[in-house]
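Because only heavy atoms are used, hydrogens play no part in the values below, and waters and symmetry mates are left out as well, while side chains stay in.
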Amino acid sequence: MQMESQMEAVKVEGFGPDSEVEDLGRCVDEISTTVSRLEQRVNDVEQFYLTTDNMELTITKSASAFKEKVKEKQLTGLEKQQQEASQREAAALKRMQELMRQFATILRQITQHKWAHPFMHPVDVEGLGLHDYYEKPMDFGTIKSKMEAKDGTGYKNVREIYSDVRLVFKNAMKYNDERHDVHIMAKTLLEKFEEKWLQLLPKVAEEEKRQVEEEAKAELDVKLAQEAVHANMAKELSNELCEVDLQLEKLRQIVIQKCRKMSTEEKKKLGTALTRLSPEDLGKALEIVAENNPGFQPTAQEVDLDIDAQSELTLWRLKVFVQDKLKLAGKCSEALVCNNINNNENTIKSNSKRRREISDALTKNAIKRNRKLSPNS
């Protein structure tokens with residue numbers, strides 16, 4: 001971090017023994033680590049409130065410590081919620097079982113009717129040539145087996161059984177002519193069944209409404225519990241951030257106390273060095289001044305900087321900043337000069353070569369002319 005490098009340079013040049021420098025360095029490292037950790041936790045809390053679907057706790061993998069802390073705080077509340085949810089589910093299951101028992105009584109009355117025998121067993125699809133019957137086959141024997149199932153494949157609620165009973169009669173009416181005995185028997189039993197179902201329906205509707213309300217309440221409880229946890233997290237983070245601010249302020253006061261005073265000659269050199277900065281770097285230097293001078297306007301059209309009025313910490317920070325920037329600018333200048341020198345050397349070599357080539361060509365031409373003018377030729 002830039003702050004750390006500047007602080008290190010101030011410590012080394014501005015004051016004292018190596019032990020003091022190392023102690024301050026450790027303080028800076030510890031504060032930086034704490035700030036990074038708190039920053040991640042702040043991001044996690046913000047993410048929770050920014051997420052639209054915040055019914056599930058959103059925590060990044062890198063924030064394992066924060067995740068564990070949230071789990072610890074949620075544990076008691078979640079255990080209580082789980083216990084209440086289990087009690088609600090058990091009560092709802094018991095009520096639904098009572099409704100299914102009452103429905104079984106209705107079904108038993110229907111299946112004991114003298115006209116119920118055609119519907120007690122699966123239809124002989126092959127024998128009757130009902131090739132599309134397999135789309136929705138149903139009979140009372142299948143319904144009874146499903147009601148008695150203990151392996152989880154049974155009916156979950158009364159409406160499922162009601163739908164299958166109606167399907168038995170609807171299939172019979174669909175695949176038999178309305179004047180056929182089976183059609184008439186199915187229609188008659190369906191009417192009786194619907195009459196008895198209407199007597200049970202208010203209880204079924206009341207139970208369904210109750211379950212919807214309980215589920216909504218459970219979801220709301222989970223959401224409120226999570227919001228409460230994150231509100232506590234936010235409060236704790238605020239307290240910890242305030243503590244970090246206090247540590248930084250204490251560290252700043254220590255640095256100020258231990259900084260030796262800059263000499264008049266050093267201040268003069270610093271002022272001169274500031275004028276050599278680029279406009280961008282000069283703006284950054286003025287921002288350093290403004291940090292400890294609330295009334296100072298670093299972006300004004302004209303800035304009057306009184307070096308003697310600055311604190312020792314500001315002066316040392318400025319010195320380190322200026323040295324770094326001018327050193328970097330010096331390296332760039334050296335590289336530019338070297339590049340220009342190389343270019344000039346290459347140009348000179350190229351020109352020398354060209355002159356030699358021209359000279360050689362002129363010499364050859366002169367020799368040829370002399371030979372032509374010679375009497376012996």
Any side-chain heavy atom of [X] sitting closer than 4.5 Å to one from [Y]?
{"X": "Met147", "Y": "Ile143", "result": "yes"}
{"X": "Phe119", "Y": "Asp139", "result": "no"}
{"X": "Trp115", "Y": "Asp181", "result": "no"}
{"X": "Lys144", "Y": "Glu148", "result": "yes"}
{"X": "Arg276", "Y": "Val322", "result": "no"}
{"X": "Glu208", "Y": "Arg159", "result": "yes"}
{"X": "Lys146", "Y": "Thr142", "result": "no"}
{"X": "Met185", "Y": "His180", "result": "no"}

Search all heavy atoms of [X] against all heavy atoms of [Y] and return the closest pair with its distance.
{"X": "Ala172", "Y": "Ala186", "result": "CB-CB, 3.7 Å"}
{"X": "Leu315", "Y": "Leu270", "result": "O-CD2, 3.8 Å"}
{"X": "Thr314", "Y": "Ile288", "result": "CG2-O, 4.4 Å"}
{"X": "Ile110", "Y": "Leu189", "result": "CD1-O, 4.2 Å"}
{"X": "Thr153", "Y": "Asp151", "result": "OG1-OD1, 2.5 Å"}
{"X": "Ala116", "Y": "Thr111", "result": "CB-O, 3.4 Å"}

From [X] [atom1] over to [Y] [atom2], what is the distance, rounded to the nearest 0.5 angstrom?
{"X": "Lys268", "Y": "Ile307", "atom1": "NZ", "atom2": "CD1", "answer": "13.0 Å"}
{"X": "Met173", "Y": "His183", "atom1": "CE", "atom2": "NE2", "answer": "4.0 Å"}
{"X": "Gln199", "Y": "Ile106", "atom1": "CD", "atom2": "CD1", "answer": "7.0 Å"}
{"X": "Asn157", "Y": "Met100", "atom1": "CG", "atom2": "CE", "answer": "7.5 Å"}
{"X": "Glu287", "Y": "Lys284", "atom1": "CD", "atom2": "NZ", "answer": "8.5 Å"}
{"X": "Leu167", "Y": "Lys174", "atom1": "CG", "atom2": "NZ", "answer": "9.5 Å"}

| said: Before you tell me yes or no, could you show the steps for Gln97 and Leu93 under side chain to side chain contact (heavy atoms under 4.5 Å, CB included), namely the whole-Å CA-CA distance, both residues' side-chain angles and the distance that decides it to 0.1 Å? | reply: CA-CA 6 Å; Gln97 288 175 343; Leu93 179 61; 3.8 Å; yes
| said: Using salt bridge (charged side-chain N to carboxylate O under 4.0 Å, His left out), reason through Arg317 and Glu291 one step at a time and then give a plain yes or no. | reply: CA-CA 11 Å; Arg317 289 184 63 194; Glu291 289 181 12; 2.7 Å; yes
| query | If you count the non-hydrogen atoms of other residues, nucleotides and ligands that lie under 6.0 Å from NE2 in His121, is the total more than 12? | reply | no
Joint hydrophobic cluster, [X] plus [Y], side-chain heavy atoms closer than 4.5 Å:
{"X": "Val158", "Y": "Leu198", "result": "yes"}
{"X": "Trp197", "Y": "Met96", "result": "yes"}
{"X": "Leu305", "Y": "Phe321", "result": "yes"}
{"X": "Leu241", "Y": "Val35", "result": "yes"}
{"X": "Phe193", "Y": "Leu201", "result": "yes"}

| Worked verdict on Tyr162 versus Phe103 for ring-ring contact (aromatic ring centres under 6.0 Å, His included) | CA-CA 8 Å; Tyr162 165 74; Phe103 187 92; 7.2 Å; no
| request: Check the pair Leu237 / Leu38 against side chain to side chain contact (heavy atoms under 4.5 Å, CB included), numbers first and verdict last. | output: CA-CA 7 Å; Leu237 282 171; Leu38 293 177; 3.7 Å; yes
| message | Would the distance check show the side chain of Thr34 and the main-chain N or O of Glu30 forming a donor-acceptor pair, the cut-off being under 3.5 Å? | response |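 Side chain of Thr34 to backbone of Glu30, a donor-acceptor pair under 3.5 Å: yes, one is there.
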Below 4.0 angstrom, N of the basic side chain to O of the carboxylate: do [X] and [Y] qualify?
{"X": "Arg101", "Y": "Glu98", "answer": "yes"}
{"X": "Arg166", "Y": "Glu194", "answer": "yes"}
{"X": "Lys203", "Y": "Glu207", "answer": "no"}

| query | Can you check side chain to side chain contact (heavy atoms under 4.5 Å, CB included) on Met262 and Gln310, steps first, answer last? | reply | CA-CA 11 Å; Met262 189 175 288; Gln310 305 307 313; over 6 Å; no
| What's the verdict on salt bridge (charged side-chain N to carboxylate O under 4.0 Å, His left out) for Glu206 and Arg95, showing C-alpha distance, side-chain angles and the deciding distance? | CA-CA 11 Å; Glu206 182 182 355; Arg95 294 193 303 269; over 6 Å; no
| request: Kindly indicate, with the supporting measurements, whether the criterion side-chain hydrogen bond (donor to acceptor under 3.5 Å, both in side chains) is fulfilled by Ser36 and Glu39. | output: CA-CA 5 Å; Ser36 298; Glu39 181 181 11; 5.2 Å; no
| query | Regarding Glu266 and Ser263, is there a side-chain donor-to-acceptor distance under 3.5 Å anywhere? | reply | yes
| task | Applying side chain to side chain contact (heavy atoms under 4.5 Å, CB included), run through Leu286 and Phe296 and close with a yes or a no. | result | CA-CA 9 Å; Leu286 294 178; Phe296 184 76; 3.9 Å; yes
